[in-house]
Amino acid sequence: MATENFQAPKGTRDFYPDEMAVRRYIEDIWRRVSIRHGFQEVDGPTFESLDLYKVKSGVEIVSQLFSFTDRGQRDLALRPEFTPTLARMVAQRAAGLPRPIKWFSIPRCYRAEQPQKGRLREFMQWNVDYIGEASDRAERECLALCADALLEFGLTPDDFRIGWNHRAWLTHVLVGTFMPPERISNAFYILDRLHKYDRAGREALYREQGCSDKEKAYFEFIAGTSNQSLSELTDLLSAFMLDRHSRLGEPPPPDLCHLKIDSTVREFEKRLKDTNLAAMCSFDLSIVRGLAYYTGFVFEISDRQGENRAIAGGGRYDNLIEMFGGPSLGAVGFGMGDVVLEILLRRRDKIPKAILDNHQNPDVFIVNALDDAVHAERLIFELRRSQWDSTRQRIIRPGLHAECSYRSTRNIGKLLQEAAASGAKLAVILARAELQRGVAKLKNLADRSERTVSMETLIEEIHAALDPA
RNA sequence: GUGGAUUUAGCUCAGUUGGUUAGAGCACGAGGUUGUGGUCCUCGGGGUCGCGGGUUCGAAUCCCGUAAUCCACCCCA
């Protein structure tokens, strides 16, 4: 019979115990921090109707999906993200859910893209959504949660930067000054790429997008800005616009400060300063985020040192729930993928050694020097079992993590060496001489002390030794 | 989807202009004289050299195809 060599499919990963430990570490932090910020965990199906993904993103996105047809001729697709499922879930039960709806999820997602650094075809994505809150409190809570998670991973504000912008504001500024509304999507496309190119690359981009001289000048101005505050930027922008217009002999554009949307953005910045978030955040005109469904505030977290792609990104999408057949509910959300995050954590040496070593230190290690394994096996099963109290409906004594050697040697020195290497706190030595007297030795592996205990009370003694309280 | 580099043991890698039976370190397993600690010593299992063709007396090595990985594009919810 012919044998075949199988590999994991392109862009997927195998999680052997060491990799699984790191993945669990990341997911545990996402989950723990989400819960403490008042979010509840949800999940949905791994695949959805193909149409669900066309509602939001349009038909061109289909080429990036893993899609298939079931035997009932239904077109389905593996989820490329969680937001459509979430929107569907909210829309279905919108009437009965308490507001605001604060949900998070850690779905596995799939995209049929060319894998490269920080981007795979199957990945985990922490997804946070805050629905039914019109005020910018939702934005701040999401930012606080996202930043808190990164801090929990041991990263500092020196490692990452939160850049933010406001799409509605930007649209008003552009349209209110010089840009025809139909050029806005080109403008967003250009802004999104501005910092990736040098002067020549940007020229090519402007040509390709059919930019007017005015637009070019504007984009070049933005390309030259970085790290200014919102008010500095709007002042600079006003001055720049006035200068341009006077030189071209055109009537001056309306004062940017009097644009209606402007006050809400300034207010947002002021409220950020009232929290401790402002230190990590900077206004950034070049952040617009890819697709069209963000309606206001948008943000992106990037690595300060590396050329990594964004660690996380999100924003406000006020129309989405409605698009999926629900009521009109404002919403803010963000996503963070495991792939880029893990690269960053490894590069900054932020994954604890105990996680990398994947040591699950046992509570107790059985050293069996007997010819027969029966005593050791009975003991280990007893130790591992929890004690359940059925009247109180709870576990009254949790089972212990008990290990033994799977090697055939009965050399106590070797076995103790293995016990110590396992990181166990206690070792039980079962040997013939003691067993004949109905006792065993209980050894504290940390201080190397040992005492003789009766087989009758051994299990209680072990529990007592591990939990002195 | 496009271009470049890469693929030899579980991992990291040697392997000369094509020439005997393809190596090392780490890891893994056994033993070190049946009773006490991460060291050390000895031994061992492991490879269709990514896969499939071709050239050759002979291919890990040269040629063609193909898959995967990494990097750069495209795209990025």
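Chain identifiers are assigned alphabetically (A, B, ...) following the order of the sequence lines, protein sequences preceding nucleic acid strands; residue numbering begins at 1 within each chain. All values below come from the heavy atoms of this structure, side chains included, with hydrogens, waters and symmetry mates left out.
Figure legend: A/Arg199 and A/Tyr197 shown without cation-pi pairing, the cationic atom not lying both under 6.0 angstrom from the six-membered ring centre and within 45 degrees of its axis.
Checking B/rA77, B/rC73, B/rG35 against every side-chain atom of A/Gln116, the shortest atom distance belongs to B/rC73. Of the candidates B/rG31, B/rU69, B/rC74, the closest approach to any side-chain atom of A/Pro115 belongs to B/rU69. Considering only the side chain of A/Tyr197, B/rC74 comes nearest among B/rG35, B/rC74, B/rA77. Among B/rG32, B/rU36, B/rA77, the nucleotide with an atom closest to any side-chain atom of A/Arg111 is B/rA77. Nearest to the side-chain atoms of A/Gln114 among the listed nucleotides B/rG37, B/rC75, B/rG1 stands B/rG1. Of the candidate nucleotides B/rA77, B/rU2, B/rA68, B/rA68 has the atom lying nearest to any side-chain atom of A/Lys10.
Contacts of A/Ala433 with the nucleic acid, taken as non-hydrogen atoms under 4.0 Å apart, include base atoms. Among the atoms of the strands shown, only primed sugar atoms or phosphate atoms (P, OP1, OP2) are found under 4.0 Å from some heavy atom of A/Gln417. Among the protein residues, A/Arg13 comes within range of no part of the nucleic acid, since none of its heavy atoms lies under 4.0 Å from any strand. Using a 4.0 Å heavy-atom criterion, one finds that A/Gly118 contacts no nucleic acid atom at all. Counting non-hydrogen atoms under 4.0 angstrom, A/Leu415 reaches nothing in the nucleic acid. Across all strands shown, A/Glu434 has heavy atoms under 4.0 Å from base atoms, whether or not it also approaches the sugar-phosphate. A/Glu418 comes within contact range of no nucleotide atom at all, as no heavy-atom separation falls under 4.0 Å. Using a 4.0 Å heavy-atom criterion, one finds that A/Ala369 contacts no nucleic acid atom at all.
Of all nucleotides present, only B/rU69 satisfies the Watson-Crick or G-U wobble test against B/rA5, with each distance under 3.5 Å. A 3.5 Å limit on both hydrogen-bonding distances identifies no Watson-Crick or G-U partner for B/rA59. When both distances must be under 3.5 Å, the Watson-Crick or G-U wobble mate of B/rU42 is B/rA30. Across all strands shown, B/rC11 is found opposite B/rG25 as a Watson-Crick or G-U wobble partner, with both distances under 3.5 Å.
A donor-acceptor pair shorter than 3.5 Å can be found between the side chains of A/His401 and A/Glu403. One side chain, A/Glu418 or A/Ser405, offers a donor N or O that lies under 3.5 Å from an acceptor on the other.
Between B/rU6 and B/rG45, the distance separating the two P atoms is 34 Å to the nearest Å. Across the P atoms, B/rU7 and B/rC13 are found 10 Å apart, a figure rounded to whole Å. B/rU8 and B/rG47: their P atoms are spaced 15 Å apart (whole Å). Distance check on atom P: B/rG29 versus B/rG10 gives 15 Å, rounded to whole Å. Rounded to whole Å, the C1' atom of B/rU2 lies 30 Å from the corresponding atom of B/rC49. Here the separation of B/rU42 from B/rC26, taken at their P atoms, is 11 Å to the nearest Å.
Both A/Lys443 and A/Arg432 lie close to RNA chain B; mapped to their nearest nucleotides by heavy-atom distance, the more 5′-ward contact belongs to A/Arg432. RNA chain B is contacted by both A/Tyr189 and A/Gly413; A/Gly413 maps to the nucleotide lying nearer its 5′ end (nearest heavy atom per residue).
Within the 4.0 Å cut-off from OP1 or OP2 of B/rC75, not a single side-chain nitrogen or oxygen of A/Arg119 is found.
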Could you go through the salt bridge (charged side-chain N to carboxylate O under 4.0 Å, His left out) check for A/Arg36 and A/Asp148 one step at a time?
CA-CA 10 Å; A/Arg36 126 181 141 212; A/Asp148 196 15; 3.0 Å; yes
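Using cut-offs of 30° and 60° on the angle between ring planes, the pair A/Phe297 and A/Phe268 is tilted.
Atom CZ of A/Arg137 has 12 or fewer neighbouring heavy atoms from other residues, nucleotides or ligands inside a 6.0 Å radius.
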